Amino acid sequence: MPQARLNARTLFISDVHLGSKDCKAEFLLHLLKRVDIERLYLVGDIVDFWAMKRQIFWPDQHHKVLQQILAMARNGVEVIYIPGNHDEVMRKYRHPDVASIRIQRQAIHTTADNKRLLVMHGDAFDAETCHSRWLSFVGDHLYDFLLWLNRTTNRIRNLFGHNYWSLSAYVKSQIGKAEEVIGRYRAASFRETKKRGLDGIVCGHIHHPELVESDGLLYANTGDWVENCTALFENHDGELSLMKYTFSDAQPARLSRFRRRRRAYNNAT
């Protein structure tokens, strides 16, 4: 039976890391082929040039993701590409339109209910968080091993018909240092939002999907397509929601909705 299409006003995705062995390109491709949207924000680290410096890895599914995005742009979807640190080479392109895709450092997105949101990758907050990546507190080799273990675990799960589950994200959630870094990053995001007089911020970078409010300000982190496989949607009424994407060969695609949560953080400002 054909699956229902997803209709939304805006889709935000980040940290895809095409060119990395850990990219879940097939998950994202499946999503992009079944969405009807007006606008697509690519919020950084779409292509992982860092990984490709170490080893060239570009399977067909990764190429198809790029082709799908280009096709969406040609067919009338407004595509805004905001490069991150792993694809910072793209930041030098300041032309308003490249292959029907607009490349810019940051953006201000106005939702359907007139909320103004800053859209940026988030690596600009590294100096304030004192941690440029997750590798800074788990170590390069341990993190690489964790991602390898994540791939292996999910290959086994797939054989038994289970949906994707991020072992690496679970392990990181058990590390106290991770929560500390997330808190500092979130606080830096809130401060930047308040300083600019905006209603909220949409970012990525730290591979931790989250949608929270504090003192009337919104913090939305789109997550990633390496561990969590999440995307941020805006519906036609301006409401935002995070969606987690999982599927296996034995089961149809499934989207799980994260509910918007209201929480107060003492360090938000």
Side-chain angles (χ1 to χ4, degrees), residues 1-6 11-37 40-77 79-90 93 98-101 103 143-144 146-169 204 207 222-231 243-255:
M1 179 182 297
Q3 295 173 357
R5 296 188 63 79
L6 296 169
L11 170 63
F12 304 81
I13 60 173
S14 75
D15 298 272
V16 180
H17 291 276
L18 295 169
S20 164
K21 290 182 179 179
D22 299 294
C23 169
K24 306 300 183 294
E26 66 277 16
F27 288 56
L28 179 56
L29 182 62
H30 199 280
L31 172 61
L32 292 176
K33 284 186 172 181
R34 59 186 291 247
V35 294
D36 296 311
I37 54 176
L40 170 64
Y41 282 96
L42 306 172
V43 194
D45 287 2
I46 304 305
V47 178
D48 194 334
F49 290 101
W50 291 10
M52 289 195 292
K53 282 183 179 179
R54 297 192 299 268
Q55 179 184 3
I56 297 297
F57 180 76
W58 197 258
D60 188 53
Q61 291 289 342
H62 292 214
H63 180 70
K64 286 181 177 178
V65 167
L66 285 187
Q67 291 301 309
Q68 177 64 25
I69 292 172
L70 289 169
M72 293 168 75
R74 288 194 300 269
N75 290 328
V77 175
V79 180
I80 300 98
Y81 180 16
I82 299 170
N85 52 317
H86 283 253
D87 51 7
E88 63 185 347
V89 65
M90 301 302 295
Y93 292 98
V98 177
S100 300
I101 295 175
I103 301 176
Y143 186 71
D144 288 343
L146 193 58
L147 290 177
W148 172 83
L149 194 60
N150 191 62
R151 294 196 303 267
T152 303
T153 299
N154 278 286
R155 277 198 292 266
I156 296 172
R157 287 176 59 85
N158 189 58
L159 288 174
F160 287 93
H162 297 299
N163 286 330
Y164 173 78
W165 174 70
S166 179
L167 171 66
S168 53
H207 296 200
T222 59
D224 64 280
W225 292 84
V226 171
E227 303 171 59
N228 295 288
C229 301
T230 49
M243 305 290 283
K244 185 174 180 65
Y245 193 84
T246 62
F247 78 87
S248 71
D249 292 338
Q251 296 181 354
R254 186 182 70 184
L255 284 168

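Bear in mind the structure is a predicted one, so any value in this text is a computation, not a measurement.
- Considering only residues two or more places apart in sequence or on other chains, Asp48 meets the side-chain hydrogen bond (donor to acceptor under 3.5 Å, both in side chains) condition with His17, His86.
- Taking CD1 of Ile69 as the start and CG of Leu18 as the end, the distance is 7.0 Å to the nearest 0.5 Å.
- Judged by distance alone, the side chain of Asn228 and the main-chain N or O of His207 form a donor-acceptor pair under 3.5 Å.
- Within the structure, the salt bridge (Lys or Arg N to Asp or Glu O under 4.0 Å) test picks out the following pairs touching residues 61-75 (sequence neighbours left out): Asp60-Lys64.
- In this structure, the side chain of Trp225 does not engage the main chain of Asp15 through any donor-acceptor pair within 3.5 Å.
- The distance from atom CG of Asp45 to atom SG of Cys23, rounded to the nearest 0.5 Å, is 11.5 Å.
- Under the side-chain contact (heavy atoms from CB on, under 4.5 Å) criterion, Gln68 pairs with Leu29, Leu32, Lys33, Met72, sequence neighbours left out.
- In this structure, Ile103 CD1 and Tyr81 OH are separated by 7.0 Å, a value rounded to the nearest 0.5 Å.
- Classified by interplanar angle (parallel below 30°, tilted 30° to 60°, perpendicular above 60°), the ring pair His62/Phe57 is perpendicular.
- For Thr222, the side-chain contact (heavy atoms from CB on, under 4.5 Å) partners are Phe12, Ser14, Val202, Leu232, not counting sequence neighbours.
- The side-chain heavy atoms of Leu31 and Leu6, taken from C-beta on, include a pair separated by under 4.5 Å.
- Residues Val77 and Asn75 are not in side-chain contact: their nearest non-hydrogen atoms beyond the backbone lie 4.5 Å or more apart.
- Remark: side-chain polar atoms of Arg5 are paired, donor with acceptor, to backbone N or O of Val35 under 3.5 angstrom.
- Interatomic distance, CE of Met52 versus CZ of Arg54, reported as 11.0 Å (0.5 Å rounding).
- Taking both residues in full, the closest heavy atoms of Asp87 and Phe49 are given as CA-CD1, 3.6 Å, listed atom of the first, atom of the second, then distance.
- Contacts of Ala73 classified as side-chain contact (heavy atoms from CB on, under 4.5 Å), with partners at least two apart in sequence or in another chain: Val79, Ser100, Ile101.
- A side-chain donor-acceptor contact under 3.5 Å links Trp50 to the backbone of Asn85.
- To the nearest 0.5 Å, the span separating OH on Tyr245 from NE2 on His30 amounts to 4.0 Å.
- Between Ile13 and Leu42 there is a side-chain heavy-atom pair separated by less than 4.5 Å.
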